[in-house]
Amino acid sequence: MARRAPILDWYARHGRHDLPWRATRDRWAVLTSEVMLHQTQVARVERAWPEFLARFPTPAAMADAGPAAVIRAWDRLGYPRRARHLHDAAVVIAATGWPDDLRTLPGVGRYTAAAVAAQADDADVPAIDVNIRRVVQRVVGGRLGDRAAEDAMIRVGAPLRGRDRLLALMDVGALLCRARDPQCGACPLRRRCATRGPLPDEGTRRQGAFRGSFRERRGRVMAALRAGPTPSAELDAEALASLVADGLAVVRGGRARLPG
DNA sequence: AATGCGGGGGC
DNA sequence: GCCCCAGCATT
């Protein structure tokens, strides 16, 4: 008779069951949380998401509010293209319903489509984010592409499936199997783990300094536009042009403003 | 496969 | 200072 898998017990006791978006299985609520979590730490999203969802509780509500309201509500969360894409996705959903393939929605890729299906519908699909990739790579003992990581996720997460598999492995990655200072002694996977610590090369992506970067310049223009329409002459022209190209700003009559 | 894309938390 | 963060779109 097989023993109860350690990850079941660990997840029941130590999983982040307190995270606000885990209290819902509403697709729209889950989607908004997932988009907000793209490259943004859980602690920040915890603070911002409840108010954001209350403001845009349904796709129709967001579609009706228009892109400017969504971009403004996004505030300083970063990557404002996410807000633009989310609004555009809301327009599609409000008009024609949820598509069969969520990846057809703007701003929704392989990970997010699977993560929404698993959490909202308990679909038995794997989804690889930075946390789960780190966990399964360390357990297996080497770098894995998306497909191989998904296969490994199913094996490593067994007997969990669907929603619980996703969330349990996410929590292991975030709380124990961390990029820095992993807590292997407390890990439910340690007996099957090939590495028990960071891989020799986990290939963390480098990002240039934010200070003095073009991204910072874009950010400054976005901050001005969130505050209100601004004469173009007062703004960084290159950064503004880049924002216009991304659908995050419009210029008319020498004044720049948020779109919509 | 490699870049660009915010902004902030934590050390 | 540097590293990291529930990715996606584009090239």
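In what follows, chains carry the letters A, B, and so on, assigned in the order in which the sequence lines appear, proteins first and then strands, with residues in each chain numbered from 1.
- Between A/Arg218 atom CZ and B/dT3 atom P the separation is 19 Å, expressed in whole Å.
- Counting heavy atoms from C-beta outward, A/Val45 and A/Val42 have side chains that stay 4.5 Å or more apart.
- DNA chain B is contacted by A/Arg76, A/Leu77, A/Gly78, A/Tyr79, A/Pro80, A/Arg81 of residues 71-81 of chain A, taking any non-hydrogen atom closer than 4.0 Å.
- Residue contacts for A/Arg180: at a heavy-atom cut-off of 4.0 Å it reaches a base atom on one of the strands shown.
- Counting only heavy atoms from C-beta outward, the side chains of A/Glu34 and A/Tyr111 approach each other to under 4.5 Å.
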For residues 246-260 of chain A, tabulate all N or O donor-acceptor pairs below 3.5 Å that involve a side-chain atom, not counting sequence neighbours.
| residue | atom | partner | partner atom | Å |
| --- | --- | --- | --- | --- |
| A/Asp246 | OD2 | A/Arg218 | NH1 | 2.8 |
| A/Asp246 | OD2 | A/Arg218 | NH2 | 3.0 |

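- The closest donor-acceptor contact from the side chain of A/Arg190 to the backbone of A/Cys187 lies under 3.5 Å.
- Taking the side chain as every heavy atom from C-beta outward, A/Leu77 and A/Trp49 never approach each other to under 4.5 Å.
- Taking atom CZ on A/Arg211 and atom P on B/dG7, their separation rounds to 11 Å, with Å as the unit.
- Rounding to whole angstrom units, CZ of residue A/Arg215 and C1' of C/dG7 are separated by 12 Å.
- Contacts of A/Glu216 with the nucleic acid, taken as non-hydrogen atoms under 4.0 Å apart, are absent.
- When all heavy atoms of A/Trp98 and A/Trp28 are compared, the closest pair comes out as CZ2-N, 3.7 Å.
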Hey, can you pull the donor-acceptor pairs under 3.5 Å for the side chains in residues 54-72 of chain A, sequence neighbours left out?
| residue | atom | partner | partner atom | Å |
| --- | --- | --- | --- | --- |
| A/Thr58 | OG1 | A/Ala61 | N | 3.0 |
| A/Arg72 | NE | A/Arg226 | O | 3.2 |

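- One atom, CZ of A/Phe210, and another, C1' of C/dC5, lie 14 Å apart when rounded to the nearest Å.
- Under a 4.0 Å N-O distance rule, the pair A/Asp121/A/Arg27 qualifies as a salt bridge.
- B/dA1 atom C1' lies 12 Å from atom CZ of A/Arg143, rounded to whole Å.
- Residues A/Leu37 and A/Asp129 fail the side-chain proximity criterion, which asks for heavy atoms closer than 4.5 Å.
- DNA chain B is contacted by no residue of residues 240-248 of chain A, taking any non-hydrogen atom closer than 4.0 Å.
- When rounded to the nearest whole Å, the span between CZ of A/Arg82 and C1' of B/dG4 equals 14 Å.
- Shown for residues 40-62 of chain A: residues whose heavy atoms fall under 4.0 angstrom of DNA chain B, namely A/Thr40, A/Gln41, A/Arg44.
- What separates CG of A/Leu37 from P of B/dG9 is a distance of 15 Å, to the nearest Å.
- Each of A/Arg215, A/Gln39, A/Arg84 was checked for a side-chain hydrogen bond (donor to acceptor under 3.5 Å, both in side chains) with A/Tyr79, and the lone residue meeting it is A/Arg215.
- We find that CE of A/Met36 is positioned 14 Å from P of B/dG7, with the value rounded to whole Å.
- Here A/Glu202 does not pair with A/Arg143 in a salt bridge; the nearest charged N to carboxylate O distance is not below 4.0 Å.
- For DNA chain C, the neighbouring residues in residues 164-177 of chain A, judged by any heavy atom under 4.0 Å, are A/Met170.
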Encoded 5' to 3' (Watson-Crick or G-U under 3.5 Å; [ ] crossing; | other strand), DNA chain B becomes |||||.|||||
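- Checked against salt bridge (Lys or Arg N to Asp or Glu O under 4.0 Å), A/Arg178 has the following partners two or more places apart in sequence or in another chain: A/Asp181.
- Within residues 9-24 of chain A, the residues that place at least one heavy atom under 4.0 Å from DNA chain C are, in residue-number order, A/Leu19, A/Trp21, A/Arg22.
- Residues A/Arg163 and A/Ala118 share a closest heavy-atom pair of CB-O, 3.2 Å.
- Counting heavy atoms from C-beta outward, A/Pro6 and A/Arg191 have side chains that approach closer than 4.5 Å.
- Side-chain contact check for A/Arg103 and A/Thr112: no donor-acceptor pair (N or O, by modelled atom type) lies under 3.5 Å.
- A salt bridge links A/Arg217 to A/Glu238: at least one charged side-chain nitrogen sits closer than 4.0 Å to a carboxylate oxygen.
- Spacing between C/dC8 and B/dG8 at atom P, rounded to whole Å, works out to 23 Å.
- At a threshold of 4.5 Å between non-hydrogen side-chain atoms, the residues A/Arg138 and A/Pro182 count as touching.
- Residues A/Glu46 and A/Leu19 are in side-chain contact: their nearest non-hydrogen atoms beyond the backbone lie under 4.5 Å apart.
- Using atom P as the reference point in both B/dT3 and C/dA6, the two lie 23 Å apart (nearest Å).
- Taking every heavy atom of residues 102-134 of chain A and every atom of DNA chain B, no pair lies under 4.0 Å.
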Please lay out, stage by stage, how A/Asp9 and A/Arg4 fare under the test salt bridge (Lys or Arg N to Asp or Glu O under 4.0 Å). CA-CA 8 Å; A/Asp9 212 39; A/Arg4 178 182 169 87; 3.8 Å; yes
Could you pull out every donor-acceptor pair under 3.5 Å between side chains of residues 167-177 of chain A and any protein atom, sequence neighbours left out?
| residue | atom | partner | partner atom | Å |
| --- | --- | --- | --- | --- |
| A/Asp171 | OD1 | A/Arg22 | NH2 | 2.9 |
| A/Asp171 | OD2 | A/Arg16 | N | 2.8 |
| A/Asp171 | OD2 | A/Arg22 | NH1 | 2.9 |

Which pairs of donor and acceptor atoms, one on a side chain in residues 144-160 of chain A, lie under 3.5 Å apart (sequence neighbours left out)?
| residue | atom | partner | partner atom | Å |
| --- | --- | --- | --- | --- |
| A/Asp146 | OD1 | A/Arg133 | NH2 | 2.5 |
| A/Glu150 | OE1 | A/Arg110 | NH2 | 2.9 |
| A/Glu150 | OE2 | A/Arg110 | NE | 2.8 |
| A/Glu150 | OE2 | A/Arg110 | NH2 | 3.2 |

